[in-house]
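The next block holds one structure in the form of structure tokens; read it before the comments.
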Amino acid sequence: MGSIFHATHRALDGFIPNDEVGGVPAFVGDAPASTGETVATIAFRVNECDEPLALHGLSLLVQHLVLGHLDSGVAGVEPHADAHTLGITIRGDRSAVASQLQRVGTALRTPDLDRLSDVASALRTAAARRALTVLGQSGYFRFGPTGYGIADLREFALEQPDGELVTSWIQRYFTRDNAVIWVSDPLDGPIDLGLSAGSRHAAPPARPLPEPMPTWTAGPDDAISLTVVADWRIEFEVAWHALRLDVEAGLARWPSRISAAVSPIEGGLTAHAELTLRANGRCTTEIRDHLMALVTRFCWDGPSDAVLAAVKAEFATRFDGPDAELDEIGHRAAAWLVGTDAPPFDVLRDRTDALDLAGAAELVERSLDTAVWFVPTDLPIADRRYHRIPAWSRELLDGTPVDTLPGVSPARRLIAAHHGLTMLTAPDRGITTRFAEIEAMVIFPSGARQIIGSDGFTMTVQPDQWPDGSGIIRWIDQQVSDDRKVFLSATR
């Protein structure tokens, strides 16, 4: 997996902004969308991959502060995001689109901090309704609670939103030099967004955990999922969706739903892909084994001619749809923003057409070296090619042992060392966190501390379970920097 995460940004091919809108570099097309509307998108090179865990959700909070300043009755407004970009798309007549872009600038110059608590509360409610995702879980096991691994984690910046933090985040990331606009056709008259100058922030590289691949673990639900990472190429995306159709046909005698997705990380240099099977009823050992056999067979034989042709036809709609010109402008402008290359649609179309059965098989086979399988807890994988993701730390620290109070848990013991903690649950098994590697520490109203390490392991220390529990908590607090501490409200 190492070579995937040490790629360098590819040089651009001369596709650069041809205008500016309100001081922001812009890609401007020649004609309205097929609906007759003018369509404009403003995007910023920032999102969760830039956020420390203790500030997770801060970019989203800014985006929704801005959205609250727009008038959806005048023009259609749609937020969008991926791991490293946040944007807002506006649709309507030219004057309405220009007006709404102007409002984006106003909202960022003078953020309405009086609405901060209400916006954060609404986002917390929405987050509580979201289910865990396969790619979110895969990211956590691959990268830990940082960068591309935090998508499914709690958005701590929403707990007690801080106006000063919001303002400084806007000043750092929501600048005219860290933004791009693409618009279907020229707007009428000048626009002054008034965004401050800044720096363009490259998408950060992924930093995978040192766990060997391929691997497996218990998943968040009763589905069976396969995730991989690979170099981002249109050929890989086509091959992955061909695998979906191939598996779907091979599992026809078991009523089930097969889904697939490919998501960009590292600014589009790397693809993070999933294939998920949800049975109508519980998954069984037979279904799991047949699915794994179908994936293996695909790597030997590739898809059928009919399957590959069907996927190519699906992809052709991307390149030949009624708004293909606008889609291509957006596709390439977004790549320009993050500093990577996006080939023109005619090149992508030719490369898609050129992919053959053997090429599709090879691309999927190569990606399986990075596989993470998610299976129901009662369907462990016995195949020796896949090791199980460990549930316990490999290292146990030497230090001062502290036993729990009588009646709590006789097997549990805390080992306090000058550089970290180990929580033992058996004599030879436990969770270790080094203080220098803490990503966040959650402080509960009860006095408990939840410590989240950079390796993804988490331990909770409850003061009422230990002799001198308050003293232990004070000592832990002294080891953790304030910027890693997250305070939860007593009402949540």
Side-chain angles (χ1 to χ4, degrees), residues 42-72 77-88 103-130 132 136 145-147 149-175 178-179 195-196 198 201 204 438-452 458 477 480-492:
I42 181 167
F44 297 88
R45 219 308 297 146
V46 62
N47 204 357
E48 59 201 23
C49 69
D50 305 286
E51 298 168 344
L53 180 56
L55 299 183
H56 181 30
L58 191 54
S59 305
L60 183 69
L61 183 57
V62 172
Q63 183 190 42
H64 281 258
L65 276 175
V66 172
L67 286 168
H69 196 73
L70 305 185
D71 185 354
S72 58
V77 175
E78 180 184 354
H80 58 84
D82 58 27
H84 33 65
T85 308
L86 280 176
I88 296 173
R103 284 173 172 256
V104 170
T106 302
L108 289 170
R109 289 197 312 273
T110 56
D112 186 359
L113 300 181
D114 290 339
R115 297 179 52 248
L116 202 55
S117 294
D118 290 342
V119 173
S121 176
L123 291 173
R124 287 196 306 271
T125 300
R129 294 170 178 161
R130 288 198 302 265
L132 296 177
T146 63
I150 69 174
D152 268 4
L153 300 186
R154 189 165 180 168
E155 291 159 329
F156 290 129
L158 306 180
E159 295 300 326
Q160 295 189 13
D162 184 315
E164 289 186 8
L165 275 176
V166 167
T167 300
S168 65
W169 199 254
I170 290 173
Q171 292 171 347
R172 181 177 182 184
Y173 287 106
F174 289 83
T175 68
N178 199 42
L195 300 181
S196 60
H201 296 269
I438 290 176
E439 292 299 327
M441 183 174 75
V442 184
I443 299 174
F444 291 90
S446 66
R449 302 294 190 265
Q450 183 185 59
I451 300 169
I452 305 171
T458 298
D477 287 350
V480 182
S481 61
D482 289 343
D483 63 346
R484 302 297 168 108
K485 294 174 180 174
V486 177
F487 294 85
L488 295 190
S489 168
T491 60
R492 292 191 292 277

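Predicted, not measured: the structure shown is a model, and the values here were computed from it. Any value given below was found using the heavy atoms of this structure, including those in side chains, with hydrogens, waters and symmetry copies removed.
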Checklist entry - Any donor-acceptor pair under 3.5 Å linking the side chain of His64 with the backbone of Pro79? => result no
Checklist outcome for this item: Arg129 meets the side chain to side chain donor-acceptor pair (under 3.5 Å) criterion, sequence neighbours left out, with none
Item to check | Partner set under side-chain contact (heavy atoms from CB on, under 4.5 Å) for Ala127, not counting sequence neighbours | outcome: Arg130, Glu155
Checklist outcome for this item: By salt bridge (Lys or Arg N to Asp or Glu O under 4.0 Å), Asp114 pairs with (sequence neighbours left out) none
Checklist entry - side-chain contact (heavy atoms from CB on, under 4.5 Å) with Phe44: which of Ile88, Val66, Leu195? => result Leu195
Item to check | Nearest-0.5 Å distance, CG of residue Leu488 to CZ of residue Phe444 | outcome: 5.5 Å
Item to check | Ser196: side-chain contact (heavy atoms from CB on, under 4.5 Å) partners, not counting sequence neighbours | outcome: Thr175
Checklist entry - What heavy-atom pair brings Ser117 and Pro161 nearest, and what distance separates the two atoms? => result CA-CG, 4.3 Å
Check: residues 50-63 side-chain donor-acceptor pairs under 3.5 Å, at least two apart:
residue, atom, partner, partner atom, Å
Asp50, OD1, Arg45, NH2, 2.6
Asp50, OD2, Arg45, NH1, 3.0
Asp50, OD2, Arg45, NH2, 3.4
Asp50, OD2, Asn47, N, 3.0
Glu51, OE1, His56, ND1, 3.0
Glu51, OE1, Gly57, N, 2.9
Glu51, OE2, Leu58, N, 3.3
Glu51, OE2, Ser59, N, 2.8
Glu51, OE2, Ser59, OG, 2.8
His56, NE2, Ile150, O, 3.0
His56, NE2, Leu153, O, 3.4
Ser59, OG, Trp169, NE1, 3.0
Gln63, NE2, His80, O, 3.3
Gln63, NE2, Gly87, O, 2.9

Next on the checklist: Asp483: which residues meet the side chain to side chain donor-acceptor pair (under 3.5 Å) condition with it, sequence neighbours left out?
Outcome noted: Ser481
Item to check | ring-ring contact (aromatic ring centres under 6.0 Å, His included) partners for Phe156, two or more places apart | outcome: none
Checklist entry - Asp477: what forms a side chain to side chain donor-acceptor pair (under 3.5 Å) with it, not counting sequence neighbours? => result Arg449
Next on the checklist: Which residues pass the side chain to side chain donor-acceptor pair (under 3.5 Å) test with Ser446, not counting sequence neighbours?
Outcome noted: none
Checklist entry - Under 3.5 Å, side chain of Ser168 to main-chain N/O of Glu164, donor-acceptor pair present? => result yes
Checklist outcome for this item: Heavy atoms of Glu48 and Ala151 approach each other most closely as OE2-CB, 3.4 Å
Checklist entry - What pairs with Gln171 under side-chain contact (heavy atoms from CB on, under 4.5 Å), at least two apart in sequence or on another chain? => result Thr167
Checklist entry - Between atom OG1 of Thr106 and atom CG of Asp112, what is the distance when rounded to the nearest 0.5 Å? => result 12.0 Å
Checklist entry - Which distance, rounded to the nearest 0.5 Å, do you find between the CG of Leu108 and the CD1 of Ile170? => result 5.5 Å
Checklist entry - In chain order, what residues pass the ring-ring contact (aromatic ring centres under 6.0 Å, His included) check against His69, with sequence neighbours excluded? => result none
Checklist entry - Can you tell me how far CG of Leu67 sits from CD of Glu78, rounded to the nearest 0.5 angstrom? => result 10.5 Å
Checklist entry - In chain order, what residues pass the salt bridge (Lys or Arg N to Asp or Glu O under 4.0 Å) check against Arg484, with sequence neighbours excluded? => result Glu439
Next on the checklist: Main chain of His201, side chain of Asn178: is a donor-acceptor contact present, judged purely on distance under 3.5 Å?
Outcome noted: yes
